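Order of the sequence lines sets the chain letters (A, B, ...), proteins ahead of strands, with each chain counted from 1. Here the structure is a predicted model, which is why all the values come from computation and not from measurement. What's counted below: heavy atoms across the whole structure, side chains too, no hydrogens, waters or symmetry copies.
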Amino acid sequence: MISGLTLGERQTAVCLSLALLVLGVIFAGAGQGDPLGVHGFIIAAYAVVVMGAVITGYYAPAPGADRLTQYYDDPTKFGIIVAMLWAIFGMFVGDWVAWLLAYPDMTFDAAWASFGRLRPVHTTGVIFGFGGNALIATSYHVVQRTSRARLPDQLSPWVVLIGYNLFCLLAVSGYLIGITQSKEYAEPEWYADILLVIVWVTYFLLYIRTLARRQEPHIYVANWYYMAFILVVAVLHIVNNLAVPVSLTEAKSYSLFAGVQDAMTQWWYGHNAVAFFLTAGFLGMMYYYLPKRAGRPIYSYRMSIVGFWGITFFYMWAGSHHLHYTALPLWVQNLGMTFSVMLLVPSWIAAGNALMTLNGAWTRVRDDATLRFMAMAAVFYGLSTFEGSFMAIRPVNSLSHYTDWTIGHVHAGTLGWVSMIVFGTFYSLVPWMWKVERMYSRKLVEWHFWLAMAGTLIYVFAMWNSGIIQGLMWRTYNDGGTLAYSFVDSLVAMHPYYIARAVGGFLFFLGPVIGLYNILMTIRLSRETAGTGIAEMPVVALKAGE
Amino acid sequence: MSMPFDHETLVAFSKSFGLFYLIAMSVIAVVYALWPANQAQFDRAAEQIFDDGDTPCQ
Amino acid sequence: MFTRTHYKLERHTIGFAVAIIVVSAIGGLFEIAPLFTIDETVETAPDMRLYTPLELAGRNIYIREGCYACHSQMIRTLRDEVERYGPYSLAVESKYDHPMLWGSKRTGPDLARIGGKYSDAWQVAHLYNPRDVVPQSVMPAYRWLARNKLRTEDLGRHLIAQRRVGVPYTDDMIAHAEQDAKAQVDPDSDNAEGVSERYGEATHVRAFDGNPRDVTEMDALVAYLQILGRLTDAAYQNKDKGE
Ligand code: HEM
Ligand code: HEM
C-alpha cells in the first residue's frame with residue numbers, strides 16, 4: 001500500500017502521523033485524571049501504528065509515472081476490508097444488546113458492558129464504521145470510473161480513511177469509558193467532532209478535484225448523490241455539534257442549544273443523517289453498481305435527476321416528525337408531517353427506477369445472488385420509505401413513537417436497504433478490484449443472501465409485533481375508564497419478541513462473517529492467479545449458472 | 001440565543017417565501033430533467049458507465 | 001487531456017456543489033430559522049430554579065450511562081400519557097437542559113415526572129439491582145454508582161461552561177460549586193445552609209444514598225432523579241388532559 005505513494009507523500013505521511021502522535025501525547029498528559037487522557041493514549045497508539053506502517057514501506061521503490069495510467073484503487077481495497085470488519089464488530093454488538101434486553105444480567109457488574117453504553121457502540125459501529133467506510137471506499141471507485149480520471153494524489157484518500165477510522169475508534173471507545181454527548185448519532189465529543197470536520201473537508205476537496213479532472217462534460221448521477229452525502233453531512237455535523245467544552249483538557253462539553261431548540265436541531269440533524277448518510281450515499285452506490293452488475297443502463301436517467309432534487313429538498317424539512325405531540329410548536333410538527341408524506345414521491349422514484357432497470361433481467365436476479373442483494377435492497381428501500389411516510393402521520397406516530405415499531409422501521413431500512421446494497425456492491429466490486437473473474441465461492445454468496453433475508457424478516461416482523469402490542473397496551477383503557485395495563489405488563493409481553501429479534505439478528509450477523517471469509521479467499525485466489533491476464537471487468541460477461 | 005428578528009416574522013417568512021422557494025426549485029429540477037436538449041447527454045451518461053477499458057484517460 | 005484539466009477546478013463542479021447547498025441547506029434554513037427564536041415561544045416560569053452542582057453531576061451520569069437510550073423525558077400531549085405519567089411536558093421545563101434528554105425510545109417508563117415518586121431508598125435499591133425491586137425488569141444493575149466517589153473538583157468549571165451556553169449561574173454559585181455538592185448530601189454540615197440559600201428553600205438537602213460523609217455517583221444520580229419535573233410548577237398548573 002505504501003509503495004503507491006510517492007516519496008514526497010511518504011514524507012508528508014510521516015509528518016502527519018508525527019503531528020498526530022504529538023497531539024495524542026499532549027492529550028494524554030494534559031487530560032490526566034479525565035477520560036480525555038485515555039483518548040490521548042489511543043490517539044498516540046494509533047499514530048504509532050500508522051507511522052510504523054509508513055516507515056516499513058518507506059524504502060520500497062517509488063511508483064513511476066506509469067502509475068498515472070491506472071486508477072488508484074488501494075484505498076478502496078482497504079476501505080472494503082475495514083468496512084467488513086466494522087460490520088462484524090457492529091453487528092456483533094447489536095446482537096449482544098439485543099440479548100441484553102432479554103437477559104439483562106449479562107452486564108457482569110462492569111460499567112462498559114451495560115446496555116446504555118453498548119447501544120451507541122452498535123449504532124456508531126454499523127452506521128459510521130460499516131456504512132461510512134463502505135461509502136468512502138465505493139465513492140473513490142465510482143468517481144474515478146465515471147470521470148475517467150485518476151484521484152488527484154495518493155495521500156489525501158488515505159488521510160480521509162485513516163482519519164475517519166480514528167474518529168470511529170474514538171467514538172466507540174469513548175462510549176465504553178463514559179464519553180458521550182448523548183445526541184443520537186452525534187455522540188462523540190468536541191475533539192472527535194473537530195477531527196471529523198478536518199477529514200470531511202479533505203474528502204470534499206478530493207472529490208471535487210477528481211470531478212474537475214473528468215473527461216466527460218456531464219457528471220454521472222451517482223456522483224450527485226455522493227456529493228450531497230459529503231456536503232450536507234458536513235453542514236449537519238457542524239451545526240448540531242456546536243458546544244462549549246468544560247475545558248480544553250476535559251472531554252465533557254455542553255451543547256450550545258437547550259430544550260426545544262436543541263430537540264429540533266438534533267432531529268433536523270438526526271433525520272437528515274438518515275437522509276444523506278443512510279440514503280443519499282447508498283443511492284449513489286445503487287445508481288452505479290446496480291446497472292453495472294445487471295449490464296443494463298439505468299431505466300430512466302431523468303427520473304434519477306428528479307428524484308435527486310426531491311430528496312435533497314424535501315428531507316431537510318421532515319425532521320420534526322420525530323417530535324410529534326411534544327412541546328414543539330404544532331405548526332412545525334405539521335410541516336414535518338407534510339414533507340414526510342411528500343418524500344414518498346422521490347423515494348419511490350428511486351426504488352422504482354432501480355426495479356425497472358432490472359425488468360427484463362429477472363432470470364439474472366434469480367441466478368445471481370449478488371444482483372439479488374441489490375434488487376432486494378431496492379425493495380426494502382421502497383418498503384421502509386413507505387413505512388416512514390406512514391409513521392410520520394401524527395395519529396400513526398402517536399402509536400408508533402417510543403415503541404419497537406420505530407426499531408422495526410430502522411432495521412427494515414438498515415438491514416434490508418443499507419446492508420444489502422453494500423453486500424451486493426462488495427460482491428461485484430471485490431473481483432474487479434483484485435482482478436479475478438469472480439468471488440471465491442458463489443455458494444457462500446448465496447448463503448449470505450438467505451441468511452440476510454431470513455435475519456431481516458425475523459427481525460422486522462418481531463419488532464412490528466412487539467411495537468404495535470406495546471403501543472396498544474400503553475393506551476388501552478378498561479371498562480372502568482382507567483388504564484388497563486401497567487408498564488411492567490407491557491414489558492413482560494415483549495420478552496418473546498426480544499428473543500426472536502436476537503435470533504434473527506444472529507443470522508444476519510453470520511452474513512458478514514461469511515462475507516469477509518469469502519472476500520479474503522478471493523484475494524488469495526487473486527494472488528495465486530496473478531499475472532495470468534484474466535479480464536479486468538468481467539461483469540457484463542457474467543453468465544447464469546457459471 | 002436571540003436574533004434580530006422576532007419569531008412571528010420568521011415564521012411568516014418561512015411559510016410564505018419557503019413555499020415559493022419549494023415550488024421554484026421543483027419546477028427548475030423538472031424542467032432541467034425534461035429539457036429535450038439534455039436528453040442526449042443523459043443517454044450518453046447512462047451508457048457511459050459501460051465503456052470498457054478500466055484505465056483513466058490520458 | 002490530463003494536463004488540460006489538471007487541478008483546474010472548473011465551473012460545473014463548483015456550481016454543482018453550490019446548487020446542493022442552496023437547495024438543501026438554504027431550504028432547510030427556512031424551517032430552522034424560526035427555531036433560533038423559538039425560545040420566544042417558550043412559556044415563562046418565574047419560579048424555575050437551576051440544577052444544583054450535585055444534580056448537574058447526576059445529570060451527566062445519566063448521560064454517561066446512556067439512561068436516555070431506554071427512558072424518555074417527554075410526556076406527550078396524549079390522554080393516556082398524561083394519566084400514566086402526569087401533566088404533559090412543557091418546553092420551559094427543559095429550557096436549561098444542554099442538551100435536552102427527551103429521548104426516542106421507551107424500553108423503560110418516561111422519567112419526566114419521576115421526582116418524588118419514590119423514596120431515595122427505593123431509587124438506590126432499584127439502581128443497585130432493579131430486579132430486587134421489580135423482578136421482571138430488564139434495566140441494567142448499576143452497582144458501580146454506589147462504589148464510585150463523585151468527582152467534585154471540576155464542578156466550578158462545569159457551571160462556568162453552563163453559563164457560557166446561557167444558564168444563569170451566578171459568580172457565587174460558581175465559587176461554591178464544589179462546596180455545595182458536598183454539603184447537599186450532608187444536611188448537618190455548616191455549609192448545608194448555603195445550598196438552600198443559593199438554589200432555593202425547596203432544594204433537597206439530604207444523604208441520598210444514606211451516607212452523608214462521602215459524595216458518591218449514586219448520590220448525584222438520585223439527587224437528579226428526585227428533581228426531575230420539579231424545577232418549576234408550571235406544568236402542574238396546566239389542567240389540560242391531552243387528546
Ligand atoms: C446483526 C444485526 C443487528 C442487530 C441484532 C441489531 C440490534 C439492535 C438493537 C437491539 C438495537 C436497540 C433497540 C432498542 O433500543 O430497543 C438497535 C438499534 C439500532 N440499530 Fe441495530 N442491529 C443490527 C444491525 C444494524 C445495522 C446494520 C444498522 C445500520 C446500518 C443498525 C442501526 C441501528 C440504529 C440506527 C439503531 C437505533 C434505533 C433508534 O434509536 O430508534 N442496526 N439495533
Ligand atoms: C420517506 C422516507 C422516510 C420517512 C418519511 C421516515 C420517517 C420516519 C419516522 C416518522 C420515524 C419515527 C420517528 C419517531 O417516532 O421517533 C423514523 C425513524 C427512523 N428512521 Fe425513518 N423514514 C424514512 C426512511 C428511512 C430510511 C430509508 C432509513 C434507514 C436507512 C430510516 C431510518 C430511521 C431511523 C434510524 C429512525 C430512528 C431515529 C431514532 O429515533 O433514533 N428511515 N423515520
(request) Could you have a look at C:Ile160, C:Leu78, C:Asp110 and say which one has the most heavy-atom pairs with chain A under 4.5 angstrom? (result) C:Leu78

(message) Could you measure the distance from the CH2 atom of C:Trp102 to the CG atom of A:Leu323? Nearest 0.5 Å is fine.
(response) 6.0 Å

(request) Considering non-hydrogen atoms only, spot the tightest contact between A:Met473 and C:Arg84 and give its length. (result) O-NH2, 3.9 Å

(request) Taking the side chain as every heavy atom from C-beta outward, state whether A:Ser182 and C:Pro99 have any pair of such atoms under 4.5 Å apart. (result) yes

(request) Could you have a look at C:Ala161, C:Ala69, C:Ser104 and say which one has the most heavy-atom pairs with chain A under 4.5 angstrom? (result) C:Ser104

(request) Pick whichever of A:Ala111, A:Ala234, A:Ser114 has the most heavy-atom pairs under 4.5 Å with chain C. (result) A:Ala111

(request) Examine whether an atom of A:Tyr207 lies under 4.5 Å from a heavy atom of chain C, and if so say whether it belongs to the side chain, the backbone or both; otherwise answer neither. (result) neither

(request) Answer with side chain, backbone, both or neither: which region of A:Phe108 has an atom nearer than 4.5 Å to a non-hydrogen atom of chain C? (result) neither

(request) Answer yes or no: is there an ion pair linking C:Asp154 with A:Lys252, defined by an N-O contact shorter than 4.0 Å? (result) no

(request) Flag the pair A:Asp109 / C:Arg147 as yes when at least one side-chain heavy-atom distance between them is below 4.5 Å, and no otherwise. (result) yes

(message) On a heavy-atom basis, which atom in C:Arg64 and which in A:Arg117 lie closest, and how many Å separate them?
(response) NE-NH2, 3.1 Å

(message) Quick check for you: among C:Gln162, C:Arg143, C:His158, which has the greatest number of heavy-atom pairs under 4.5 Å with chain A?
(response) C:His158

(request) Select one option (side chain, backbone, both, neither) describing which atoms of C:Lys95 are under 4.5 Å from chain A's heavy atoms. (result) backbone

(message) I'd like to know if C:Arg151 and A:Glu250 make a salt bridge, using a cut-off of under 4.0 Å between side-chain N and carboxylate O.
(response) yes

(request) With the side chain counted from C-beta on, respond yes when A:Tyr254 and C:Asn60 share a heavy-atom pair under 4.5 Å apart, and no when they do not. (result) yes

(message) If I measure from the heavy atoms of chain A, does C:Tyr142 come under 4.5 Å with its side chain, its backbone, both, or neither?
(response) side chain

(request) Check whether A:Asp489 gets within reach of chain C through its side chain, its backbone, both or neither, counting any heavy atom under 4.5 Å. (result) neither

(request) Compare every heavy atom of C:Ile20 with every heavy atom of A:Val232, then report the nearest pair and how far apart it is. (result) CG2-CG2, 4.1 Å

(request) Mind listing the closest non-hydrogen atom pair of C:Arg131 and A:Pro104 along with its distance? (result) NH1-CG, 3.4 Å

(message) Looking at chain C, which one of A:Ile179, A:Leu101, A:Val492, A:Asn223 has the largest number of heavy-atom pairs inside 4.5 Å, strictly under?
(response) A:Leu101

(request) Using non-hydrogen atoms and a 4.5 Å limit, figure out which bit of C:Leu155 sits close to chain A: side chain, backbone, both or neither. (result) neither

(message) Heavy-atom pairs under 4.5 Å with chain A: which of C:Ser89, C:Gly108, C:Gly103 has the most?
(response) C:Gly108

(request) Can you measure from OH (C:Tyr68) to OG1 (A:Thr180) and round to the nearest 0.5 angstrom? (result) 4.0 Å

(message) At a 4.5 Å cut-off on heavy atoms, which part of A:His324 comes close to chain C: side chain, backbone, both, or neither?
(response) backbone

(request) Of all the heavy-atom pairs spanning A:Ile219 and C:Thr13, show the shortest one and how long it is. (result) CD1-CA, 4.5 Å

(request) Counting only heavy atoms closer than 4.5 Å, note whether A:Ser253 contacts chain C via side chain, backbone, both or neither. (result) neither

(message) Using 0.5 Å steps for rounding, measure from the CG atom of A:Leu100 to the CE atom of C:Met139.
(response) 13.5 Å

(request) Measure A:Tyr477 against the heavy atoms of chain C and call it side chain, backbone, both or neither at under 4.5 Å. (result) side chain

(request) Identify which of A:Tyr325, A:Trp474, A:Tyr402 forms the greatest number of heavy-atom pairs closer than 4.5 Å to chain C. (result) A:Tyr402

(message) I need the A:Ser398 OG to C:Glu81 CD distance, nearest 0.5 Å.
(response) 9.0 Å

(message) If you compare all heavy atoms of C:Thr107 against all heavy atoms of A:Leu491, which two are closest, and at what distance to 0.1 Å?
(response) O-CD1, 3.7 Å

(message) Heavy-atom cut-off 4.5 Å, strictly under: side chain, backbone, both or neither for A:Ala243 against chain C?
(response) neither

(request) Rounded to the nearest 0.5 Å, what's the gap from OG1 on A:Thr107 to CH2 on C:Trp144? Could you check? (result) 6.5 Å

(request) Start with the C-alpha distance between C:Asp97 and A:Asp262, add both sets of side-chain angles, then the distance that settles side-chain contact (heavy atoms from CB on, under 4.5 Å), and finish with yes or no. (result) CA-CA 9 Å; C:Asp97 286 3; A:Asp262 184 45; over 6 Å; no

(request) Could you tell me the separation between the CG atom of A:Asp105 and the CG atom of C:Asn129, rounded to the nearest 0.5 Å? (result) 6.0 Å

(message) Please check if the number of heavy atoms outside C:Trp122 that lie under 6.0 Å from its CH2 is greater than 12.
(response) yes

(message) Is A:Phe308 close to chain C through its backbone or its side chain, or both, or neither, when contacts mean heavy atoms under 4.5 Å?
(response) side chain

(request) Check whether more than 12 heavy atoms from other residues, nucleotides or ligands sit under 6.0 Å from atom CZ of A:Phe487, and answer yes or no. (result) yes

(message) Using a 4.5 angstrom heavy-atom cutoff, name the option from C:Ser72, C:Ala141, C:Pro140 with the most pairs to chain A.
(response) C:Ser72

(message) Counting only non-hydrogen atoms closer than 4.5 Å, does C:Cys67 touch chain A with its backbone (N, CA, C, O), its side chain (CB onward), both, or neither?
(response) neither

(message) For A:Thr406, which atoms come within 4.5 Å of any heavy atom of chain C: side chain, backbone, both, or neither?
(response) neither

(request) Select one option (side chain, backbone, both, neither) describing which atoms of A:His401 are under 4.5 Å from chain C's heavy atoms. (result) both

(message) Under 4.5 Å from any heavy atom of chain C, what part of A:Leu236 do you find: side chain, backbone, both or neither?
(response) neither

(message) Between A:Ile230 and chain C, with a heavy-atom cut-off of 4.5 Å, which part of the residue counts as in contact: side chain, backbone, both or neither?
(response) neither

(request) Check whether more than 12 heavy atoms from other residues, nucleotides or ligands sit under 6.0 Å from atom NZ of C:Lys105, and answer yes or no. (result) yes

(message) With a 4.5 angstrom heavy-atom cut-off, is it the side chain or the backbone of A:Trp224 that approaches chain C, or both, or neither?
(response) both

(message) Using heavy-atom distances under 4.5 Å, tell me whether C:Tyr85 contacts chain A through its side chain, its backbone, both, or neither.
(response) side chain

(request) Would you mind checking which part of A:Phe204 comes under 4.5 Å of any heavy atom in chain C, side chain (CB onward), backbone (N, CA, C, O), both or neither? (result) side chain

(message) Using heavy-atom distances under 4.5 Å, tell me whether C:Leu101 contacts chain A through its side chain, its backbone, both, or neither.
(response) side chain

